[in-house]
Amino acid sequence: MSLLSLHSVTKTVPLPDAPPLTILHGVDLEISSGDRLSIVGRSGSGKSTLLNLMGLLDSPSTGSITFDGRPAEKFSSAERDRVRGREIGFIFQQFNLLQGRTARENVMTPLLYATGKQFWNRSTLAGEMLERVGLGHRVDAMPTMLSGGEQQRVAIARSLVRGPRVILADEPTGALDVETGASVMALLDEVALSTGAALVTITHDPAIADLASRHLLLDHGRLSTVRDDGRPSELVAVSRRLPHAAGVHAVPAASGAVPDEDEELSA
Ligand SMILES: Nc1ncnc2c1ncn2[C@@H]1O[C@H](COP(=O)(O)OP(=O)(O)OP(=O)(O)O)[C@@H](O)[C@H]1O
């Protein structure tokens, strides 16, 4: 059974002085445990909007989303928060670490919302997770003392510390140089693989897309699967040649709609 399913999902938003804008059109997607998906598409094609829906941060205008066989629209707001906090890990281009808190304290933050052993053992669990991402020796470091790659590894540890079943990564290497990005992504892939979590990565980078086993293209809000034997690097090249979606604004409004993970946790 699919872990996360989208059926005929559309997303339409009102615009102040224009007809409503349909960002996503009839999106169908099935994600199972252990899946490795990459999603590429031009700026404005709807990638962040899609990620927000997959992460239960937003609701579709029409169509349905099910998580673990349960329709998301049936979740109460408390259940939605619980599923999102426990089952879904988010990784963004900006690391969004809490400044003035150590690496360990950052990784502990999601565990403040856990119960039982996870809550009581949060300091140990955070230390173990940092160890797993190769930062066991930097648990007491402040974000300002860490390199970009190290900060993203702390963010990865924070996203994975509750053992999510789906990891949604939006340009996770976008703020890193090529070499650091590749090693951070390899680490994310490896840790996700070892936990059996599904990993969905939005990326412009062909090498990052190459790590996935299913390659999807979003074009003007329409999602299509590219053959698994298709080369992802060609896919990215194709997506770069596509014209921008109609009504694309320079700054995607949806990125502002993605709550900062820490805000989300404290909400
Ligand atoms: N709430 C909103 N109100 C108005 N327009 C919106 C809203 N949310 C998204 N859009 C528009 O919908 C389109 C898709 O936005 P989205 O951020 O999903 O694209 P994207 O593929 O993630 O882009 P990028 O790669 O630049 O981040 C853009 O034209 C964006 O400006």
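Whatever order the structure lists them in is the order used to number ligands and atoms, beginning at 1.
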Give the contacting part of Thr49 toward ligand 1: side chain, backbone, both or neither, where contact means a heavy-atom distance below 4.0 Å. both

Nearest heavy-atom approach of Ser48 to Asp170 is OG-OD2, 3.4 Å

Charged tip of Arg70 within 45° of Phe67 ring normal and under 6.0 Å: no

If we number the atoms of ligand 1 from 1 as shown, the ones under 4.0 Å from a heavy atom of Leu21 are 5 (N), 11 (C), 12 (O)

Suppose I only count heavy atoms of Lys47 and a 4.0 Å limit; which atoms of ligand 1 are within that range? 18 (O), 19 (O), 20 (P), 21 (O), 22 (O), 23 (O), 24 (P), 25 (O)

When you compare ligand 1 with Leu15, is there at least one nitrogen or oxygen pair between them that comes in under 3.5 angstrom? no

Can you list the ligand 1 atoms lying under 4.0 Å from a non-hydrogen atom of Arg42? 21 (O)

With a 4.0 Å cut-off on heavy atoms, is Glu171 touching ligand 1? no

I'd like to know if Arg84 and Asp81 make a salt bridge, using a cut-off of under 4.0 Å between side-chain N and carboxylate O. yes

If we only count N/O pairs under 3.5 Å, is Gly46 in contact with ligand 1? yes

Which option wins on minimum heavy-atom distance to atom 2 (C) of ligand 1: Leu51, Thr22, Val13? Val13

Please set out all donor-acceptor pairs under 3.5 angstrom arising from side-chain atoms of residues 24-31, sequence neighbours excluded.
| residue | atom | partner | partner atom | Å |
| --- | --- | --- | --- | --- |
| Asp28 | OD1 | Ser8 | N | 2.7 |
| Glu30 | OE1 | Ser2 | OG | 2.5 |
| Glu30 | OE1 | Ser5 | OG | 2.9 |

Considering both backbone and side-chain atoms of Ser45, is one of its nitrogen or oxygen atoms within less than 3.5 Å of a nitrogen or oxygen in ligand 1? yes

Check whether any side-chain N or O of Asn106 sits under 3.5 Å from a backbone N or O of Val154 as a donor-acceptor pair, and report yes or no. no

Regarding Thr49 and Asn52, do their side chains bring together a donor and an acceptor under 3.5 Å, going by distance alone? no

Residues in side-chain contact (heavy atoms from CB on, under 4.5 Å) contact with Ser59, at least two apart in sequence or another chain: Arg80

Heavy-atom contacts under 4.0 Å between Leu50 and ligand 1: side chain, backbone, both, or neither? neither

